[in-house]
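Each chain gets a letter, A, B and so on, in the order the sequences are listed, and its residues count up from 1. Fair warning: this is a prediction, and the values are worked out from it, not measured in the lab. Worth knowing before you read on, the calculation uses all heavy atoms, side chains too, and leaves out hydrogens, waters and symmetry mates.
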2 protein chains.
Amino acid sequence: MNNLKITKTLQDYFFVLYVLAELGAREKTVKLSTKFLAEKLDLSQQTISRYLISLERIGWIRRTATREGSFIRITDLGDLQLRKVRAALNFIFERKPSPIIIEGTVFSGLGEGAYYVTREPYRKQFIEKLGFDPYPGTLNLKLTSEYDIQMRRELEVRSGIEIHGFSDANRTYGPVKCFLARVNGKEKGAVILALRTHYDSSVIEVIAPKHLRNVLGLKDGNRVRVEVFLEG
Amino acid sequence: MNNLKITKTLQDYFFVLYVLAELGAREKTVKLSTKFLAEKLDLSQQTISRYLISLERIGWIRRTATREGSFIRITDLGDLQLRKVRAALNFIFERKPSPIIIEGTVFSGLGEGAYYVTREPYRKQFIEKLGFDPYPGTLNLKLTSEYDIQMRRELEVRSGIEIHGFSDANRTYGPVKCFLARVNGKEKGAVILALRTHYDSSVIEVIAPKHLRNVLGLKDGNRVRVEVFLEG
DNA sequence: ATTACTACTTACCGAGTAG
DNA sequence: TCTACTCGGTAAGTAGTAA
(Lines give C-alpha, C1' and ligand atoms only; values in the text may rest on other atoms or scores of the structure.)
Protein backbone atom coordinates (compact mmCIF):
# COMPACT_ATOMS: atom_id res chain seq x y z
CA MET A 1 0.00 0.00 0.00
CA ASN A 2 1.00 3.47 -0.85
CA ASN A 3 -1.02 5.66 1.46
CA LEU A 4 1.18 7.14 4.12
CA LYS A 5 -0.69 9.58 6.32
CA ILE A 6 1.69 12.42 6.98
CA THR A 7 0.77 13.87 10.32
CA LYS A 8 2.43 16.81 12.03
CA THR A 9 3.73 14.37 14.61
CA LEU A 10 5.43 12.26 11.99
CA GLN A 11 7.00 15.33 10.42
CA ASP A 12 8.23 16.54 13.78
CA TYR A 13 9.66 13.31 15.12
CA PHE A 14 10.52 11.08 12.19
CA PHE A 15 14.19 11.95 12.02
CA VAL A 16 14.68 11.73 15.77
CA LEU A 17 13.20 8.28 15.60
CA TYR A 18 15.42 7.49 12.66
CA VAL A 19 18.58 8.44 14.52
CA LEU A 20 17.51 6.35 17.49
CA ALA A 21 16.93 3.41 15.16
CA GLU A 22 20.33 3.96 13.59
CA LEU A 23 21.83 3.65 17.06
CA GLY A 24 20.09 0.32 17.50
CA ALA A 25 17.17 1.42 19.66
CA ARG A 26 14.79 -0.72 17.62
CA GLU A 27 16.46 -3.88 18.90
CA LYS A 28 17.67 -2.96 22.33
CA THR A 29 17.79 -0.24 24.94
CA VAL A 30 20.54 2.18 24.04
CA LYS A 31 22.26 4.67 26.26
CA LEU A 32 22.84 8.16 24.96
CA SER A 33 22.87 11.77 26.04
CA THR A 34 20.55 14.47 24.80
CA LYS A 35 23.66 16.42 23.84
CA PHE A 36 24.83 13.61 21.57
CA LEU A 37 21.45 13.35 19.86
CA ALA A 38 21.36 17.11 19.53
CA GLU A 39 24.59 17.09 17.56
CA LYS A 40 23.35 14.30 15.30
CA LEU A 41 20.21 16.25 14.49
CA ASP A 42 21.68 19.73 14.48
CA LEU A 43 19.43 20.89 17.28
CA SER A 44 20.04 22.02 20.87
CA GLN A 45 20.23 19.74 23.86
CA GLN A 46 17.12 21.38 25.28
CA THR A 47 15.12 20.78 22.15
CA ILE A 48 16.06 17.12 22.12
CA SER A 49 15.08 16.86 25.75
CA ARG A 50 11.63 18.19 24.90
CA TYR A 51 11.41 15.91 21.86
CA LEU A 52 12.20 12.83 23.92
CA ILE A 53 9.58 13.77 26.48
CA SER A 54 7.03 14.15 23.68
CA LEU A 55 8.10 10.94 21.99
CA GLU A 56 7.61 9.12 25.24
CA ARG A 57 4.23 10.75 25.81
CA ILE A 58 2.93 9.63 22.41
CA GLY A 59 4.31 6.17 23.03
CA TRP A 60 6.90 5.96 20.29
CA ILE A 61 9.77 5.34 22.71
CA ARG A 62 10.27 4.07 26.24
CA ARG A 63 12.84 5.85 28.28
CA THR A 64 14.62 6.15 31.58
CA ALA A 65 16.37 9.44 32.17
CA THR A 66 19.19 9.31 34.70
CA ARG A 67 22.15 11.49 35.56
CA GLU A 68 24.25 9.05 33.60
CA GLY A 69 22.23 9.64 30.43
CA SER A 70 19.05 8.46 28.80
CA PHE A 71 18.18 4.83 28.23
CA ILE A 72 15.96 4.63 25.21
CA ARG A 73 14.15 1.89 23.39
CA ILE A 74 11.83 2.38 20.44
CA THR A 75 8.40 0.86 21.09
CA ASP A 76 6.43 -1.27 18.65
CA LEU A 77 4.38 1.80 17.85
CA GLY A 78 7.50 3.82 17.10
CA ASP A 79 8.89 1.00 15.04
CA LEU A 80 5.66 0.97 13.07
CA GLN A 81 6.17 4.62 12.10
CA LEU A 82 9.58 3.85 10.68
CA ARG A 83 8.24 0.80 8.89
CA LYS A 84 5.44 2.82 7.35
CA VAL A 85 7.81 5.39 5.92
CA ARG A 86 10.13 2.67 4.69
CA ALA A 87 7.29 0.80 3.02
CA ALA A 88 5.95 3.97 1.43
CA LEU A 89 9.36 4.90 0.05
CA ASN A 90 9.99 1.42 -1.27
CA PHE A 91 6.59 1.40 -2.89
CA ILE A 92 7.28 4.67 -4.66
CA PHE A 93 10.58 3.45 -6.00
CA GLU A 94 9.32 0.05 -7.08
CA ARG A 95 5.95 0.80 -8.66
CA LYS A 96 5.71 1.35 -12.36
CA PRO A 97 5.22 4.97 -13.39
CA SER A 98 1.65 6.08 -13.86
CA PRO A 99 0.79 7.29 -17.37
CA ILE A 100 0.75 10.91 -18.45
CA ILE A 101 -2.77 12.05 -19.20
CA ILE A 102 -3.22 14.42 -22.13
CA GLU A 103 -6.56 15.74 -23.31
CA GLY A 104 -7.18 17.38 -26.65
CA THR A 105 -9.84 18.23 -29.21
CA VAL A 106 -10.26 16.28 -32.43
CA PHE A 107 -9.55 18.21 -35.61
CA SER A 108 -8.97 17.27 -39.25
CA GLY A 109 -5.46 17.58 -40.62
CA LEU A 110 -4.56 17.72 -44.27
CA GLY A 111 -4.68 13.95 -44.60
CA GLU A 112 -0.91 13.66 -44.93
CA GLY A 113 -0.79 11.45 -41.84
CA ALA A 114 -2.14 8.53 -43.87
CA TYR A 115 0.62 9.01 -46.38
CA TYR A 116 3.45 8.86 -43.87
CA VAL A 117 2.05 6.03 -41.78
CA THR A 118 1.77 3.79 -44.83
CA ARG A 119 5.38 4.26 -45.99
CA GLU A 120 6.66 0.72 -45.76
CA PRO A 121 9.91 1.32 -43.76
CA TYR A 122 7.88 3.20 -41.12
CA ARG A 123 5.09 0.61 -41.16
CA LYS A 124 7.51 -2.28 -40.65
CA GLN A 125 8.99 -0.59 -37.59
CA PHE A 126 5.55 0.22 -36.14
CA ILE A 127 4.58 -3.44 -36.38
CA GLU A 128 7.85 -4.58 -34.88
CA LYS A 129 8.25 -2.00 -32.13
CA LEU A 130 4.67 -1.06 -31.25
CA GLY A 131 3.12 -4.44 -31.85
CA PHE A 132 0.39 -3.32 -34.24
CA ASP A 133 -0.15 -2.47 -37.88
CA PRO A 134 -1.43 1.10 -37.83
CA TYR A 135 -4.65 2.14 -39.54
CA PRO A 136 -3.65 4.38 -42.42
CA GLY A 137 -4.30 7.76 -40.91
CA THR A 138 -3.63 9.74 -37.74
CA LEU A 139 -5.97 11.21 -35.16
CA ASN A 140 -5.03 14.86 -34.62
CA LEU A 141 -5.68 16.43 -31.24
CA LYS A 142 -5.44 20.11 -30.47
CA LEU A 143 -4.21 20.87 -26.97
CA THR A 144 -5.56 23.94 -25.26
CA SER A 145 -4.87 23.99 -21.53
CA GLU A 146 -1.52 24.97 -20.09
CA TYR A 147 -1.43 21.55 -18.48
CA ASP A 148 -1.79 19.56 -21.67
CA ILE A 149 0.83 21.61 -23.46
CA GLN A 150 3.21 21.10 -20.54
CA MET A 151 2.63 17.34 -20.73
CA ARG A 152 3.31 17.35 -24.47
CA ARG A 153 6.62 19.17 -23.75
CA GLU A 154 7.37 16.43 -21.26
CA LEU A 155 7.06 13.90 -24.07
CA GLU A 156 9.41 15.88 -26.27
CA VAL A 157 12.13 15.47 -23.65
CA ARG A 158 11.56 11.73 -23.17
CA SER A 159 13.26 9.02 -25.15
CA GLY A 160 10.24 6.87 -26.03
CA ILE A 161 10.26 4.21 -28.74
CA GLU A 162 12.48 5.34 -31.57
CA ILE A 163 11.43 4.83 -35.20
CA HIS A 164 14.38 5.38 -37.53
CA GLY A 165 14.24 7.65 -40.56
CA PHE A 166 15.09 6.52 -44.08
CA SER A 167 15.41 7.77 -47.65
CA ASP A 168 13.86 6.67 -50.93
CA ALA A 169 14.57 7.82 -54.49
CA ASN A 170 12.78 11.13 -54.00
CA ARG A 171 13.27 12.35 -50.48
CA THR A 172 14.23 11.77 -46.85
CA TYR A 173 11.87 10.69 -44.07
CA GLY A 174 13.02 11.83 -40.63
CA PRO A 175 13.22 9.82 -37.41
CA VAL A 176 10.14 9.71 -35.24
CA LYS A 177 9.45 8.65 -31.68
CA CYS A 178 6.39 6.94 -30.21
CA PHE A 179 4.79 6.34 -26.84
CA LEU A 180 2.30 3.56 -26.33
CA ALA A 181 -1.02 4.99 -25.25
CA ARG A 182 -4.64 4.24 -24.48
CA VAL A 183 -7.31 6.42 -26.04
CA ASN A 184 -10.50 7.28 -24.14
CA GLY A 185 -9.69 4.51 -21.68
CA LYS A 186 -10.35 1.82 -24.31
CA GLU A 187 -8.41 1.81 -27.53
CA LYS A 188 -4.79 0.85 -27.80
CA GLY A 189 -2.60 3.16 -29.83
CA ALA A 190 0.50 5.32 -29.78
CA VAL A 191 1.33 8.99 -29.67
CA ILE A 192 3.74 9.85 -32.47
CA LEU A 193 6.18 12.78 -32.47
CA ALA A 194 8.49 13.91 -35.24
CA LEU A 195 11.99 14.09 -33.84
CA ARG A 196 13.96 16.80 -35.53
CA THR A 197 11.40 18.95 -37.32
CA HIS A 198 9.50 21.43 -35.25
CA TYR A 199 5.87 20.52 -35.19
CA ASP A 200 3.25 22.60 -33.49
CA SER A 201 3.73 22.04 -29.77
CA SER A 202 0.00 22.30 -29.14
CA VAL A 203 -0.88 19.31 -31.29
CA ILE A 204 -0.44 15.57 -30.84
CA GLU A 205 -0.99 12.81 -33.38
CA VAL A 206 -2.24 9.38 -32.43
CA ILE A 207 -1.97 6.19 -34.46
CA ALA A 208 -3.77 2.97 -33.64
CA PRO A 209 -4.53 -0.46 -35.11
CA LYS A 210 -8.18 0.56 -35.56
CA HIS A 211 -9.79 3.61 -37.12
CA LEU A 212 -10.26 5.62 -33.95
CA ARG A 213 -12.80 8.06 -35.41
CA ASN A 214 -15.08 5.14 -36.24
CA VAL A 215 -14.53 2.89 -33.31
CA LEU A 216 -14.89 5.70 -30.75
CA GLY A 217 -17.49 7.63 -32.74
CA LEU A 218 -15.40 10.80 -32.84
CA LYS A 219 -16.19 14.01 -34.70
CA ASP A 220 -14.21 17.22 -35.01
CA GLY A 221 -14.45 19.17 -31.79
CA ASN A 222 -14.88 16.12 -29.52
CA ARG A 223 -12.61 15.93 -26.52
CA VAL A 224 -10.33 12.90 -26.29
CA ARG A 225 -8.34 11.64 -23.35
CA VAL A 226 -5.01 9.94 -24.04
CA GLU A 227 -3.06 7.99 -21.42
CA VAL A 228 0.55 7.97 -22.50
CA PHE A 229 2.73 5.19 -21.08
CA LEU A 230 6.29 6.18 -20.39
CA GLU A 231 7.67 2.65 -20.20
CA GLY A 232 6.70 -0.61 -21.83
CA MET B 1 26.24 2.41 3.82
CA ASN B 2 24.44 3.53 6.86
CA ASN B 3 25.48 7.10 7.37
CA LEU B 4 22.67 9.45 6.51
CA LYS B 5 23.57 13.04 7.19
CA ILE B 6 20.48 14.64 8.64
CA THR B 7 20.60 18.29 7.74
CA LYS B 8 18.04 20.90 8.68
CA THR B 9 17.12 21.11 5.02
CA LEU B 10 16.33 17.41 4.87
CA GLN B 11 14.26 17.62 8.03
CA ASP B 12 12.34 20.59 6.66
CA TYR B 13 11.63 19.33 3.17
CA PHE B 14 11.73 15.55 3.22
CA PHE B 15 8.02 15.00 3.55
CA VAL B 16 7.14 17.61 0.95
CA LEU B 17 9.45 15.81 -1.41
CA TYR B 18 7.88 12.53 -0.40
CA VAL B 19 4.38 13.70 -1.23
CA LEU B 20 5.56 15.01 -4.58
CA ALA B 21 7.15 11.63 -5.29
CA GLU B 22 3.95 9.87 -4.28
CA LEU B 23 2.15 11.96 -6.89
CA GLY B 24 4.59 10.76 -9.51
CA ALA B 25 6.85 13.82 -9.69
CA ARG B 26 9.93 11.60 -9.76
CA GLU B 27 8.98 10.27 -13.18
CA LYS B 28 7.14 13.12 -14.81
CA THR B 29 6.02 16.70 -14.39
CA VAL B 30 2.89 16.75 -12.28
CA LYS B 31 0.32 19.46 -11.96
CA LEU B 32 -0.96 20.37 -8.56
CA SER B 33 -2.04 23.31 -6.48
CA THR B 34 -0.35 24.60 -3.36
CA LYS B 35 -3.72 24.21 -1.64
CA PHE B 36 -3.83 20.51 -2.49
CA LEU B 37 -0.30 19.95 -1.20
CA ALA B 38 -1.13 21.96 1.90
CA GLU B 39 -3.96 19.61 2.75
CA LYS B 40 -1.78 16.56 2.19
CA LEU B 41 0.84 17.91 4.56
CA ASP B 42 -1.46 19.57 7.06
CA LEU B 43 0.04 23.01 6.44
CA SER B 44 -1.28 26.24 4.97
CA GLN B 45 -1.27 27.10 1.28
CA GLN B 46 1.11 29.94 1.96
CA THR B 47 3.59 27.76 3.74
CA ILE B 48 3.61 25.30 0.86
CA SER B 49 4.16 28.16 -1.53
CA ARG B 50 7.25 29.20 0.41
CA TYR B 51 8.43 25.60 0.65
CA LEU B 52 8.18 25.11 -3.10
CA ILE B 53 10.12 28.30 -3.71
CA SER B 54 12.84 27.07 -1.35
CA LEU B 55 12.86 23.59 -2.83
CA GLU B 56 13.37 25.09 -6.23
CA ARG B 57 16.14 27.36 -4.95
CA ILE B 58 18.09 24.45 -3.48
CA GLY B 59 17.58 22.50 -6.68
CA TRP B 60 15.49 19.62 -5.40
CA ILE B 61 12.59 20.36 -7.73
CA ARG B 62 11.97 22.17 -11.03
CA ARG B 63 8.80 24.11 -11.24
CA THR B 64 6.59 26.36 -13.33
CA ALA B 65 4.00 28.29 -11.37
CA THR B 66 0.98 29.46 -13.37
CA ARG B 67 -2.53 30.64 -12.55
CA GLU B 68 -3.64 27.15 -13.49
CA GLY B 69 -1.47 25.58 -10.81
CA SER B 70 2.12 24.48 -10.31
CA PHE B 71 3.95 22.12 -12.62
CA ILE B 72 6.50 20.27 -10.59
CA ARG B 73 9.17 17.71 -11.33
CA ILE B 74 11.64 16.34 -8.81
CA THR B 75 15.24 16.81 -9.98
CA ASP B 76 17.97 14.20 -9.82
CA LEU B 77 19.27 15.95 -6.72
CA GLY B 78 15.84 15.77 -5.08
CA ASP B 79 15.48 12.16 -6.09
CA LEU B 80 18.84 11.48 -4.48
CA GLN B 81 17.55 12.78 -1.14
CA LEU B 82 14.65 10.37 -1.22
CA ARG B 83 16.92 7.52 -2.26
CA LYS B 84 19.28 8.26 0.60
CA VAL B 85 16.52 8.09 3.19
CA ARG B 86 15.15 4.95 1.60
CA ALA B 87 18.56 3.29 1.59
CA ALA B 88 19.21 4.32 5.17
CA LEU B 89 15.87 2.94 6.35
CA ASN B 90 16.32 -0.28 4.45
CA PHE B 91 19.77 -0.66 5.89
CA ILE B 92 18.50 -0.25 9.43
CA PHE B 93 15.80 -2.84 8.93
CA GLU B 94 18.00 -5.36 7.17
CA ARG B 95 21.24 -5.25 9.16
CA LYS B 96 21.74 -7.69 11.93
CA PRO B 97 21.41 -6.20 15.38
CA SER B 98 24.60 -4.97 16.96
CA PRO B 99 25.58 -6.74 20.17
CA ILE B 100 24.82 -5.46 23.64
CA ILE B 101 28.02 -4.50 25.44
CA ILE B 102 28.18 -5.30 29.15
CA GLU B 103 31.20 -4.63 31.32
CA GLY B 104 31.77 -6.13 34.73
CA THR B 105 34.39 -6.96 37.29
CA VAL B 106 35.67 -10.50 37.83
CA PHE B 107 34.87 -12.05 41.22
CA SER B 108 34.97 -15.54 42.63
CA GLY B 109 31.70 -17.30 43.26
CA LEU B 110 31.21 -20.29 45.51
CA GLY B 111 32.29 -22.68 42.78
CA GLU B 112 28.79 -24.05 42.30
CA GLY B 113 28.90 -22.94 38.65
CA ALA B 114 31.16 -25.86 37.82
CA TYR B 115 28.67 -28.23 39.38
CA TYR B 116 25.70 -27.04 37.36
CA VAL B 117 27.53 -26.72 34.06
CA THR B 118 28.70 -30.33 34.25
CA ARG B 119 25.25 -31.82 34.88
CA GLU B 120 24.88 -34.02 31.84
CA PRO B 121 21.40 -32.92 30.64
CA TYR B 122 22.56 -29.27 30.72
CA ARG B 123 25.87 -30.12 29.10
CA LYS B 124 24.22 -32.00 26.24
CA GLN B 125 22.04 -28.99 25.48
CA PHE B 126 24.96 -26.56 25.65
CA ILE B 127 26.84 -28.63 23.09
CA GLU B 128 23.81 -28.91 20.85
CA LYS B 129 22.45 -25.38 21.12
CA LEU B 130 25.54 -23.27 21.77
CA GLY B 131 27.94 -25.30 19.69
CA PHE B 132 30.56 -25.85 22.38
CA ASP B 133 31.31 -28.05 25.35
CA PRO B 134 31.64 -25.64 28.26
CA TYR B 135 34.67 -25.55 30.53
CA PRO B 136 33.47 -26.78 33.93
CA GLY B 137 33.07 -23.47 35.69
CA THR B 138 31.57 -20.02 35.18
CA LEU B 139 33.15 -16.60 35.05
CA ASN B 140 31.27 -14.32 37.42
CA LEU B 141 31.10 -10.62 36.63
CA LYS B 142 29.86 -7.93 38.98
CA LEU B 143 28.07 -5.06 37.24
CA THR B 144 28.41 -1.62 38.72
CA SER B 145 27.28 1.15 36.38
CA GLU B 146 23.65 2.02 35.83
CA TYR B 147 24.24 1.24 32.16
CA ASP B 148 25.45 -2.29 32.65
CA ILE B 149 22.64 -3.14 35.02
CA GLN B 150 20.14 -1.75 32.51
CA MET B 151 21.67 -3.95 29.80
CA ARG B 152 21.44 -7.01 32.01
CA ARG B 153 17.73 -6.22 32.58
CA GLU B 154 17.38 -6.07 28.83
CA LEU B 155 18.65 -9.66 28.64
CA GLU B 156 16.17 -10.79 31.24
CA VAL B 157 13.34 -9.69 28.98
CA ARG B 158 14.77 -11.34 25.85
CA SER B 159 14.05 -14.87 24.76
CA GLY B 160 17.60 -16.02 23.99
CA ILE B 161 18.57 -19.67 23.61
CA GLU B 162 16.51 -21.77 25.94
CA ILE B 163 18.04 -24.63 27.91
CA HIS B 164 15.35 -26.86 29.40
CA GLY B 165 15.28 -27.86 33.03
CA PHE B 166 15.13 -31.46 34.25
CA SER B 167 14.92 -33.60 37.35
CA ASP B 168 17.04 -36.40 38.70
CA ALA B 169 16.47 -38.68 41.69
CA ASN B 170 17.32 -35.99 44.19
CA ARG B 171 16.13 -32.63 42.89
CA THR B 172 14.93 -30.36 40.09
CA TYR B 173 17.18 -28.25 37.86
CA GLY B 174 15.40 -25.18 36.47
CA PRO B 175 15.34 -23.91 32.92
CA VAL B 176 18.09 -21.51 31.88
CA LYS B 177 18.61 -19.21 28.96
CA CYS B 178 21.79 -18.28 27.11
CA PHE B 179 23.08 -15.62 24.77
CA LEU B 180 26.11 -16.22 22.64
CA ALA B 181 28.81 -13.72 23.48
CA ARG B 182 32.38 -12.68 22.89
CA VAL B 183 34.59 -11.96 25.88
CA ASN B 184 37.19 -9.20 25.76
CA GLY B 185 36.83 -9.10 21.99
CA LYS B 186 38.44 -12.53 21.63
CA GLU B 187 36.95 -15.50 23.36
CA LYS B 188 33.75 -17.16 22.31
CA GLY B 189 31.31 -17.93 25.09
CA ALA B 190 27.79 -17.41 26.33
CA VAL B 191 26.05 -15.43 29.01
CA ILE B 192 23.85 -17.69 31.10
CA LEU B 193 20.79 -16.62 33.08
CA ALA B 194 18.61 -18.69 35.34
CA LEU B 195 15.02 -18.35 34.16
CA ARG B 196 12.66 -18.54 37.05
CA THR B 197 14.80 -18.09 40.13
CA HIS B 198 15.75 -14.59 41.06
CA TYR B 199 19.47 -14.15 40.77
CA ASP B 200 21.24 -10.99 41.67
CA SER B 201 20.48 -8.52 38.87
CA SER B 202 23.93 -6.98 39.17
CA VAL B 203 25.78 -10.17 38.28
CA ILE B 204 26.27 -12.08 35.05
CA GLU B 205 27.77 -15.51 34.55
CA VAL B 206 29.71 -16.47 31.46
CA ILE B 207 30.49 -19.94 30.22
CA ALA B 208 32.95 -20.72 27.43
CA PRO B 209 34.70 -23.66 25.78
CA LYS B 210 37.98 -22.53 27.31
CA HIS B 211 38.95 -21.58 30.83
CA LEU B 212 38.53 -17.83 30.49
CA ARG B 213 40.52 -16.94 33.60
CA ASN B 214 43.53 -18.72 32.17
CA VAL B 215 43.25 -17.86 28.53
CA LEU B 216 42.58 -14.16 29.18
CA GLY B 217 44.81 -13.95 32.22
CA LEU B 218 42.03 -12.73 34.49
CA LYS B 219 42.18 -12.13 38.21
CA ASP B 220 39.52 -11.00 40.66
CA GLY B 221 38.89 -7.30 40.20
CA ASN B 222 39.81 -7.20 36.50
CA ARG B 223 37.31 -5.51 34.20
CA VAL B 224 35.89 -7.66 31.45
CA ARG B 225 33.94 -6.59 28.39
CA VAL B 226 31.26 -8.93 27.08
CA GLU B 227 29.56 -8.52 23.70
CA VAL B 228 26.22 -10.26 23.90
CA PHE B 229 24.67 -11.32 20.60
CA LEU B 230 20.90 -11.11 20.49
CA GLU B 231 20.42 -13.38 17.50
CA GLY B 232 22.34 -16.28 16.06
C1' DA C 1 -9.03 29.25 -10.11
C1' DT C 2 -4.31 29.97 -9.03
C1' DT C 3 0.53 31.86 -6.67
C1' DA C 4 2.92 34.52 -3.54
C1' DC C 5 3.55 39.01 -1.37
C1' DT C 6 3.25 41.76 3.14
C1' DA C 7 2.09 41.97 7.79
C1' DC C 8 1.19 39.80 11.85
C1' DT C 9 0.98 36.24 15.36
C1' DT C 10 2.45 32.29 17.57
C1' DA C 11 4.83 28.57 19.04
C1' DC C 12 9.28 26.97 18.92
C1' DC C 13 14.05 27.07 19.93
C1' DG C 14 17.82 27.66 22.81
C1' DA C 15 20.31 30.42 26.61
C1' DG C 16 20.50 30.29 31.37
C1' DT C 17 20.21 27.56 35.08
C1' DA C 18 18.47 24.31 38.87
C1' DG C 19 18.46 19.77 40.54
C1' DT D 1 28.41 15.34 34.16
C1' DC D 2 23.55 14.49 33.13
C1' DT D 3 18.08 16.12 32.33
C1' DA D 4 14.74 19.46 31.98
C1' DC D 5 12.72 23.72 33.76
C1' DT D 6 11.60 28.95 32.77
C1' DC D 7 11.47 32.53 29.71
C1' DG D 8 12.47 35.88 26.10
C1' DG D 9 13.64 36.53 21.19
C1' DT D 10 12.81 35.10 16.89
C1' DA D 11 11.99 32.14 13.17
C1' DA D 12 8.29 29.88 11.19
C1' DG D 13 3.40 29.63 9.93
C1' DT D 14 -0.77 31.96 8.61
C1' DA D 15 -4.37 35.61 7.34
C1' DG D 16 -5.37 38.91 4.15
C1' DT D 17 -4.93 40.14 -0.31
C1' DA D 18 -3.02 41.46 -4.97
C1' DA D 19 -2.06 39.84 -9.43
If I take atom [atom1] in residue [X] and atom [atom2] in nucleotide [N], what distance separates them, rounded to the nearest angstrom?
X	N	atom1	atom2	value
B:Y13	D:dG13	OH	C1'	12 Å
B:L32	C:dA1	CG	P	17 Å
A:R63	D:dT3	CZ	P	8 Å
B:Q11	C:dC13	CD	C1'	13 Å
A:I53	C:dC13	CD1	C1'	14 Å
B:L43	C:dA4	CG	C1'	16 Å
A:K8	D:dG13	NZ	P	8 Å
B:K31	C:dT3	NZ	C1'	13 Å

So, is [X] near the phosphate of [N], with a side-chain N or O under 4.0 Å from OP1 or OP2?
X	N	answer
B:Y51	D:dA12	no
B:S49	C:dT3	no
A:R67	C:dA18	no
A:S70	D:dT3	yes

Exercise. Mapping A:E68 and B:D12 onto DNA chain D by nearest heavy atom, which one lands closer to the 5' end?
Worked result: A:E68
For this session: Tell me yes or no: between the side chains of A:S145 and A:D148, is some donor less than 3.5 Å from an acceptor?
Result: yes
Problem set entry | B:T75 versus B:R62, side-chain donor and acceptor atoms under 3.5 Å | no
Any idea which of [options] is nearest the [X] side chain?
X	options	value
B:Q46	C:dG16, D:dG16, C:dT3	D:dG16
B:T47	D:dT3, C:dC13, D:dG13	D:dG13
B:R50	D:dG13, C:dT3, D:dT3	D:dG13

Exercise. Which is true for B:L37 with a 4.0 Å heavy-atom rule: it touches a base, it touches only sugar-phosphate, or it touches nothing?
Worked result: nothing
For this session: To the nearest 0.5 angstrom, please state how far the OH atom of A:Y147 sits from the CD1 atom of A:I102.
Result: 8.0 Å
Exercise. Hey, what do you get for NZ (A:K31) to CG (A:L23), rounding to the nearest 0.5 Å?
Worked result: 13.5 Å
Problem set entry | Student check: side-chain heavy atoms of B:V85 and B:L10 closer than 4.5 Å | yes
For this session: May I ask you to verify whether the side chain of B:Q45 and the base of D:dG13 hold a donor-acceptor pair under 3.5 Å?
Result: no
